[in-house]
Amino acid sequence: MSTETAPTADRIAAPPPAGWEEARSRVYAVGLAAALPALARPLADIDGSTLAEPLTTRTDLPAFPTSSVDGWAVRGGSPWRIVGRVLAGSTPAPLTEDHTTVEIATGAMVPEGATAVLRVEESTTVDGLVSGVPRETPEWRKPGEEAYADEELLPVGTPVDPAVIGLAASCGHDTLRVRRAPRAALLVFGDELLTAGPPAAGRVRDALGPAVPAWLRRYGCQVRPSDVVGPVADTLSAHVAALRSALAGADLVCTTGGTMNGPVDHLHPALEALGADYVVNTVAVRPGFPMLLARLAGPDGRVRFVAGLPGNPQSAIVALVSLVAPLLAGLQGRSMPVLPHATLAEAVPGRGDHTHLALVRLDRAAGTASPVRHVGSAMLRGLAGADGFAVIRPGTTGEPGDRVPIVPLPLLPGERSS
C-alpha cells in the first residue's frame with residue numbers, strides 16, 4: 001500500500017451540512033448554468049441526448065389527405081366506374097366526374113374531388129362497377145389532424161428516445177439541435193479495496209467501481225471503460241494527478257471515498273490544490289451525509305464538476321440520487337426531476353434533524369411503498385431489491401398511510417417507468 005497521512009492542517013472542521021432539498025436545488029441550478037453546448041446532430045445519432053430547441057412540425061401532419069383504409073376513393077353516388085388506382089407515394093389525378101372511383105391503398109393520397117372512401121371489404125364489384133355504402137365517418141386523415149405546420153410538439157429539455165426520433169422524422173427533420181450526453185469518469189479511492197475475488201485479510205471488494213458507471217449511464221452519461229480508474233493510491237499527489245487527468249476529458253468526475261477529513265482522506269486537499277470551490281459540502285441526509293459537489297473551470301473555460309461520493313456503497317448511491325441526478329438534469333438542460341409520491345405501507349423511522357432516504361419497494365398497482373431489509377450504509381442487498389428511496393423529512397417519522405416523496409432509482413435512457 002502507498003498510504004500517506006494527510007497533514008493535520010488539512011483536517012479542518014466540516015461546515016454545517018446543507019439541507020437535502022436545498023442541496024438538490026443548488027446543484028441543479030449550477031448544472032443548468034453550465035448546461036452543455038447545443039449542436040445539430042443527425043437523427044440517427046441523438047438517442048439519449050436532450051432537445052435544445054422545441055420540436056416543431058415542418059408541414060401539417062399529415063401533409064395531405066391520406067386514406068386510412070384499403071378501398072375505393074369515390075365521387076358522387078353508387079355505383080362508381082373504376083377509372084384508376086392510387087398507391088402510397090404517388091400523386092393522383094383529380095376525380096372530376098360523379099359516379100367515378102379509383103382503387104386506393106392505405107396511406108395513399110386521397111384525390112381531389114373525392115367525396116368518400118369506401119372500405120374494400122364493404123364493397124362489391126360487378127362488370128367494372130363498384131357498389132356499396134361509405135360509412136358516415138370519413139375514412140381518411142385530414143391535413144393537420146395530428147399537428148399543424150410550425151406547431152410545437154415537444155419543449156426544450158425533452159429527453160430524446162426512439163419515440164421522439166420517430167416523431168421528428170415524421171415531421172420532416174433530418175437533424176435536431178440537442179445537448180450531447182455528459183461525459184463522466186469515476187475515480188475509486190482506497191488502498192484497502194480489492195478489484196477481484198472475495199474479501200480477505202482486512203481488504204474489502206470494491207463494489208462501486210463496477211456499479212457507479214452503470215448508474216451514471218442510466219442518468220444519460222457516457223462512461224468508457226478507460227474512464228474508470230482505481231483504486232487510486234492514498235496519497236495527495238496521486239489524488240491530484242488522477243483528478244487532473246480525469247477532468248481533462250469529462251464534464252463530471254465522481255469519486256468514491258475520502259469525503260471526510262480523516263488521516264488518509266485526500267479529496268478535500270486535492271480539490272483545494274486544483275482550485276475547486278464547493279457547491280455543496282456535506283448534506284443533512286442519512287445515509288450519505290459526507291457527500292460533496294465541487295466545480296472548477298477547465299483550460300477551455302468551461303465548468304467541470306467533481307461529485308464526492310462516500311465510500312460506503314449505499315451512501316454512495318444516496319449521493320448519486322441526491323446530487324448527481326439533479327446536476328446532470330441541469331447540465332442536459334432538462335427540468336428538475338419531479339419526485340412522485342407513494343403511500344407508506346409500513347412505518348419508517350426518522351433520522352432526527354436529517355432527511356432520511358429509506359430504501360423501499362413499490363407496489364405500483366396499489367400506489368404503496370414498503371421498506372426493505374438490509375439497509376445499512378455499507379450494505380447493497382437491500383438496494384438490489386428496491387425501487388427507490390422514500391423521503392422522510394427532518395423532524396418527522398413515516399407512519400403507515402403517509403404520502404411521501406419517492407426518489408426513484410434511475411432507468412435506462414429512454415426507458416419509461418410503468
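Index from 1, following the sequence.
Thr106 has its side chain out of reach of Ser67: every pair of non-hydrogen atoms, C-beta onward, lies at least 4.5 Å apart. Side-chain contact between Trp140 and Glu145: absent, with no pair of heavy atoms (C-beta onward) separated by less than 4.5 Å. Side-chain contact check for Leu267 versus Leu243: some heavy-atom pair is nearer than 4.5 Å. Taking the side chain as every heavy atom from C-beta outward, Cys221 and Leu328 approach each other to under 4.5 Å. Side-chain contact check for Leu154 versus Leu167: some heavy-atom pair is nearer than 4.5 Å. Glu399 places none of its side-chain heavy atoms less than 4.5 Å from the side chain of Leu344. Between Leu208 and Leu309 there is no side-chain heavy-atom pair separated by less than 4.5 Å.
Annotation: cation-pi pair Arg24/Tyr28 absent, no NZ/CZ under 6.0 Å from the ring centroid and within 45° of its normal.
Checked by atom type, the side-chain pair Trp72/Thr101 shows no donor-acceptor distance below 3.5 Å.
Here Arg26 pairs with Glu22 under the salt bridge (Lys or Arg N to Asp or Glu O under 4.0 Å) rule; sequence neighbours left out. With sequence neighbours left out, Arg41 forms a salt bridge (Lys or Arg N to Asp or Glu O under 4.0 Å) with no residue at all.
Looking at every heavy atom in both residues, Arg205 comes nearest to Gly197 through NH1-O, 3.2 Å.
Using a cut-off of 4.0 Å between Lys/Arg side-chain N and Asp/Glu carboxylate O, Arg302 and Asp251 are scored as salt-bridged.
In this structure, the side chain of Arg361 engages the main chain of Gly385 through a donor-acceptor pair within 3.5 Å.
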